[in-house]
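The model shown is predicted, which means the values in this text are computed figures rather than measured ones. Convention: sequence-line order gives letters A, B, ...; per-chain numbering from 1.
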Amino acid sequence: MLGNTFILLSANGGGFLSALNGRLNLGDIIVTVLFFSILMILLKKFAWGPLMGIMDQRAELISNEIEAAEKSRLESHKLLEEQRALLKEARDNAQSIVENAKKQGETQREELIAAARAEVNRMKESATLEIATEKEKAVAAVREEFVSLSILAASKVLGKEISEEDNRALIEETIVKAGEGR
Amino acid sequence: MNHKNPEFVFLGLSFNPANILMLFVTCLIVFLIAFLSTRNLKVKPTGMQNFMEWVMDFVKGIIKNNMDWKTGGRFHVLGITLIMFVFVANMLGLPFAVIWDDYLWWKSPTADPVITLTLASMVVALTHYYGVKQLGAKGYFKTYLQPMPFLAPLKVIEEFANTLTLGLRLYGNIFAGEILIGLLATLGAGSAFGLVGALIPALAWQGFSVFIGAIQAFIFVMLTMVYMAHKVNTDH
């Protein structure tokens with residue numbers, strides 16, 4: 001556009017420009033500006049633009065990285081605290097479990113001992129009872145034998161048959177009395 | 001040292017084909033450097049990408065020194081292109097100058113006042129454009145009345161002075177460098193004795209010219225951003 005204006009100027013009123021041309025390189029001025037503008041536009045398109053883009057991208061990347069690092073630092077800190085709390089809890093749990101087990105073992109031992117003791121007592125008692133019963137039985141058997149013998153002896157002495165049925169009661173009473181008398 | 005400049009007239013405009021050639025070479029080199037070093041861009045930079053990123057950050061630092069990044073960010077591309085362009089242009093005339101039939105063909109394009117003043121004018125024109133865009137026409141003209149209304153003529157003169165100094169500083173430094181290199185080269189080419197005498201100063205001056213070329217590129221961009229900040233910032 002600038003060039004066109006100059007061409008127009010030179011075509012219309014050539015007198016002034018041609019007078020100027022002898023002393024001044026007007027063409028050089030135009031060429032300088034033109035070349036420089038073209039260079040600037042080309043460089044902006046092919047060199048500075050992409051370079052600025054990549055630099056902005058890097059700045060963004062770095063700020064993102066810093067942000068991410070900060071975030072992960074906070075997160076790991078939080079996780080550490082969490083883990084620490086969990087560890088503490090687990091330790092407490094273990095402690096209580098051990099204590100519980102100890103207590104339970106103690107009670108079980110007591111129970112076992114008590115049960116054993118009760119069993120022993122029971123067995124002793126039943127043995128005693130059995131002994132007593134046996135003794136009773138033996139005494140009864142001896143007594144019966146004695147009654148029979150007594151009746152036999154008495155019948156032999158009296159020479160007649162004593163009705164066992166009739167006299168047994170009497171004899172037994174006698175024996176019990178004799179027994180008490182001893 | 002008085003080489004003639006080639007010239008041709010096209011559409012009523014006179015051109016210096018040497019300037020056009022050198023501008024084209026400069027643009028080509030800058031574009032190739034920038035283009036090749038930004039292939040294969042990675043988030044984790046390697047090789048030339050590091051260099052280009054350094055250049056970008058360097059220019060960013062210059063802009064941030066002068067204005068808020070929110071207003072200055074749009075000048076980033078201009079700043080990087082300008083610093084690379086001026087630096088490469090300054091370097092081009094250092095290794096050799098090509099003279100064909102007494103016409104100077106290969107030189108630093110920035111050793112020509114037309115080109116440096118064009119760049120300076122372009123920059124100053126941009127500052128005015130962005131000044132109006134940023135502050136509005138009213139705010140833009142108000143800056144001429146600050147700090148004191150009677151200083152307005154000085155402010156107007158300052159604009160022209162800025163343009164002239166910006167362009168001529170660059171031109172002067174590079175042109176002087178090339179003149180001296182040319183003189184030393186002539187001395188060295190004259191005789192064996194001259195070669196021995198010229199070798200050390202030529203090397204030293206070339207090294208110094210590299211330094212000057214870099215510094216001038218930096219100063220050019222720095223001043224561009226300073227002028228821009230003057231026009232764009234509300235607190236000036």
(request) Could you go through the side-chain contact (heavy atoms from CB on, under 4.5 Å) check for B:Y171 and B:I115 one step at a time? (result) CA-CA 8 Å; B:Y171 158 67; B:I115 289 172; over 6 Å; no

(message) Just checking B:F218 against B:F58, ring centres under 6.0 Å apart?
(response) yes

(message) Could you tell me if the side chain of B:N90 sits less than 4.5 Å from the side chain of B:V210, heavy atoms only?
(response) no

(request) Measure up the B:Y144 and B:Y140 rings against each other and bin them: parallel (under 30°), tilted (30 to 60°), perpendicular (over 60°). (result) perpendicular

(message) How close do B:A217 and B:V86 get, counting heavy atoms only, and between which atoms?
(response) CA-CG1, 3.7 Å

(request) Not counting sequence neighbours, which residues clear side-chain hydrogen bond (donor to acceptor under 3.5 Å, both in side chains) with B:S108? List them please. (result) B:E178

(request) Compare all side-chain heavy atoms of B:V132 with those of B:H128 and state whether any distance is below 4.5 angstrom. (result) no

(request) Spell out the residues in residues 75-107 of chain A that have some non-hydrogen atom less than 4.5 Å away from a non-hydrogen atom of chain B, in order of number; otherwise answer 'none'. (result) none

(request) Give me the contact list for residues 35-58 of chain A versus chain B, heavy atoms only, anything under 4.5 Å, ordered by residue number. (result) A:F35, A:F36, A:L39, A:M40, A:L42, A:L43, A:K44, A:F46, A:A47, A:W48, A:P50, A:L51, A:M52, A:I54, A:M55, A:Q57, A:R58

(request) Report the C-alpha separation of B:R169 and B:F220 in whole Å, then their side-chain angles, then the decisive distance to 0.1 Å, and conclude whether the side-chain contact (heavy atoms from CB on, under 4.5 Å) test is met. (result) CA-CA 9 Å; B:R169 175 185 304 109; B:F220 197 90; over 6 Å; no

(request) Determine, step by step, whether B:T26 and B:L92 satisfy the side-chain contact (heavy atoms from CB on, under 4.5 Å) criterion, reporting the C-alpha distance in whole Å, the side-chain angles of both residues, the deciding distance to 0.1 Å, and the verdict. (result) CA-CA 8 Å; B:T26 309; B:L92 280 184; 3.1 Å; yes

(request) Answer with side chain, backbone, both or neither: which region of B:M52 has an atom nearer than 4.5 Å to a non-hydrogen atom of chain A? (result) both

(message) Would the distance check show the side chain of B:T118 and the main-chain N or O of A:I29 forming a donor-acceptor pair, the cut-off being under 3.5 Å?
(response) no

(message) Quick check on B:F31 against chain A: is it the side chain, the backbone, both or neither that has a heavy atom closer than 4.5 Å?
(response) both

(request) Show your working on salt bridge (charged side-chain N to carboxylate O under 4.0 Å, His left out) between B:K231 and B:E159 and close with a plain yes or no. (result) CA-CA 11 Å; B:K231 289 279 170 242; B:E159 295 305 320; 2.9 Å; yes

(message) Just to be sure I understand the criterion: a residue of residues 120-146 of chain A counts if one of its heavy atoms is under 4.5 Å from a heavy atom of chain B. Which ones qualify?
(response) none

(message) What I'd like to find out is whether the side chain of B:V232 reaches to under 4.5 Å of the side chain of B:F75, using heavy atoms alone.
(response) yes

(message) Between B:H76 (side chain only) and B:M56 (backbone N and O only), is there a donor and an acceptor less than 3.5 Å apart?
(response) yes

(request) Begin with the C-alpha distance, continue with both residues' side-chain angles, and end with the deciding distance and a verdict on side-chain contact (heavy atoms from CB on, under 4.5 Å) for B:L168 and B:L117. (result) CA-CA 7 Å; B:L168 290 182; B:L117 280 170; 4.2 Å; yes

(message) With a 4.5 angstrom heavy-atom cut-off, is it the side chain or the backbone of B:L28 that approaches chain A, or both, or neither?
(response) neither

